[in-house]
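Right, one structure below, let's go through it.
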Amino acid sequence: MAVTETLLRVRDYDLAATLDSGQAFRWRRTDNTWQGVVGCHFVRLTPAADGIHAAVAAPVESWDWLRYFLQADTDLGAILKTFPDDAPMRAAVAACPGLRLLRQDPWECLASFLLSATKQIVQIRQIVAHLCERFGEPMQHDFAFPTPHRLAAASEAELRACKMGFRAPSLLQAARRISNGQLDLERLRTLDYAAARAELMTLRGVGGKIADCVLLFAYGFDTAFPVDVWVERALQELYFPHRRASAKRLRHFAATHFGPHAGYAQQYLFHYMRTKIK
DNA sequence: TACCAGGAGAGCG
DNA sequence: CGCTCTCATGGT
């Protein structure tokens with residue numbers, strides 16, 4: 001029977017930290033409720049005593065799409081046990097013990113992070129909002145994320161009007177290559193981490209950092225470890241406090257120190273670093 | 001006002 | 001490799 005609300009039973013889930021941690025850019029909070037769009041669903045999420053309460057605008061037969069997006073069935077405790085037992089990781093976990101990784105749509109994730117270069121998170125949200133309003137399919141309460149096909153038909157000037165500046169040609173090329181079949185985002189699921197990463201990096205504007213974000217947040221390659229300015233700062237200050245470590249050394253350290261779920265560790269360090277400053 | 005933001009890519013020694 | 005510069009745009 002189709003329904004419009006449910007209770008997702010899940011433990012150890014900090015909804016606010018997760019939706020506001022720079023993984024996804026379309027979630028807005030009003031009071032204690034978060035609203036956003038997952039695929040073709042407009043959904044409101046509210047933390048509850050024994051899980052997360054969810055309500056959608058249009059009735060659904062199944063909630064699998066939401067459990068997948070939130071990764072509600074992931075055993076977070078088992079992942080945290082694989083982290084290195086050192087002071088920085090203990091502090092980062094203690095600061096936000098319910099922080100999770102989402103599992104997003106690859107195209108939306110790729111497009112969003114293509115727009116993220118040297119932008120603050122609040123501005124990335126604004127650009128993505130413009131993009132959805134102008135090119136996304138209208139739906140109840142909001143807009144769907146625009147398809148590659150729709151953006152491929154847009155002009156660079158139209159994209160620039162969404163305030164994305166020099167990132168517009170990159171987004172346009174990505175939309176076109178995906179729309180015409182040159183790049184198959186679904187096929188990347190069948191590849192290993194290195195091969196999928198190399199393929200993403202053939203796109204203009206996609207370097208190692210953005211590729212790793214997509215591999216981690218959309219495909220679930222848990223060894224992907226995006227190194228941005230915040231994470232670089234965290235690694236430098238927390239693990240190499242007395243000597244300056246080169247970028248290459250930091251990358252090697254990241255690839256060897258954090259274990260099979262390094263990407264989760266990265267998210268904890270990122271969140272720890274960002275909230276510690278403010 | 002001047003500076004900087006979840007980077008990437010090109011040019012240079 | 002390692003460094004520097006540039007690319008738009010908005011916020012502080």
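A note on names: the letters A, B, ... follow the listed sequences, proteins ahead of strands, and every chain is numbered from 1. Model, not experiment: these values are computed from the prediction.
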Euclidean distance, atom CD1 of residue A/I121 to atom P of B/dA5 [Å, nearest integer]: 12 Å
Interatomic distance, A/R233 CZ vs B/dC4 P [rounded to whole Å]: 11 Å
Side chain of A/Q123 (C-beta onward), nearest among C/dC1, B/dG7, B/dA5: B/dA5
Presence of A/K163 side-chain N/O under 4.0 Å of C/dG10 phosphate oxygens OP1/OP2: yes
Whole-Å gap separating P (C/dG11) and CD1 (A/I124): 14 Å
Between B/dG9 (P) and A/R204 (CZ): distance, integer Å: 9 Å
d(CD, A/Q173; P, B/dA8) in whole Å: 15 Å
Over 12 foreign heavy atoms within 6.0 Å of NE2, A/H252: no
Atom-to-atom span, CZ of A/R125 to P of C/dG10 - whole angstrom: 18 Å
Touch class at under 4.0 angstrom, heavy-atom based, for A/V227 against every strand present: nothing
Minimum-distance nucleotide (side-chain atoms of A/R167 versus B/dG7, C/dG10, C/dA8): C/dA8
Any donor-acceptor pair under 3.5 Å from A/S179 side chain to A/R176 backbone: no
Exercise: do A/R204 and A/Q173 side chains pair donor with acceptor under 3.5 Å: no
Side-chain H-bond candidate by donor/acceptor type, A/T118 with A/R167, under 3.5 Å: yes
Sugar-phosphate, base or nothing in reach of A/Q266, heavy atoms under 4.0 Å: base
Sugar-phosphate only, base, or nothing, as touched by A/L203 at under 4.0 Å among non-hydrogen atoms: sugar-phosphate
Touch class at under 4.0 angstrom, heavy-atom based, for A/K119 against every strand present: base
Whether A/Y193 and A/F221 hold their rings parallel, tilted or perpendicular, with breakpoints at 30° and 60°: tilted
A/I210 side-chain proximity, nearest of C/dA8, B/dA8, C/dC1: B/dA8
Sugar-phosphate only, base, or nothing, as touched by A/G22 at under 4.0 Å among non-hydrogen atoms: base
Spacing of the P atoms in C/dA8 and B/dA10 (rounded, Å): 15 Å
Spacing of A/K209 atom NZ relative to B/dA5 atom C1', expressed in whole Å: 12 Å
Hydrophobic cluster identity match, A/L250 and A/V229, side-chain contacts under 4.5 Å: yes
Distance in angstrom units between A/R251 CZ and B/dG7 C1', rounded: 13 Å
Along DNA chain B (nearest heavy atom to each residue), the more 5'-positioned of A/F25 and A/M201: A/F25
Candidates C/dC1, C/dA8, C/dG10 - which lies nearest the side chain of A/T118: C/dA8
Touch class at under 4.0 angstrom, heavy-atom based, for A/S112 against every strand present: nothing
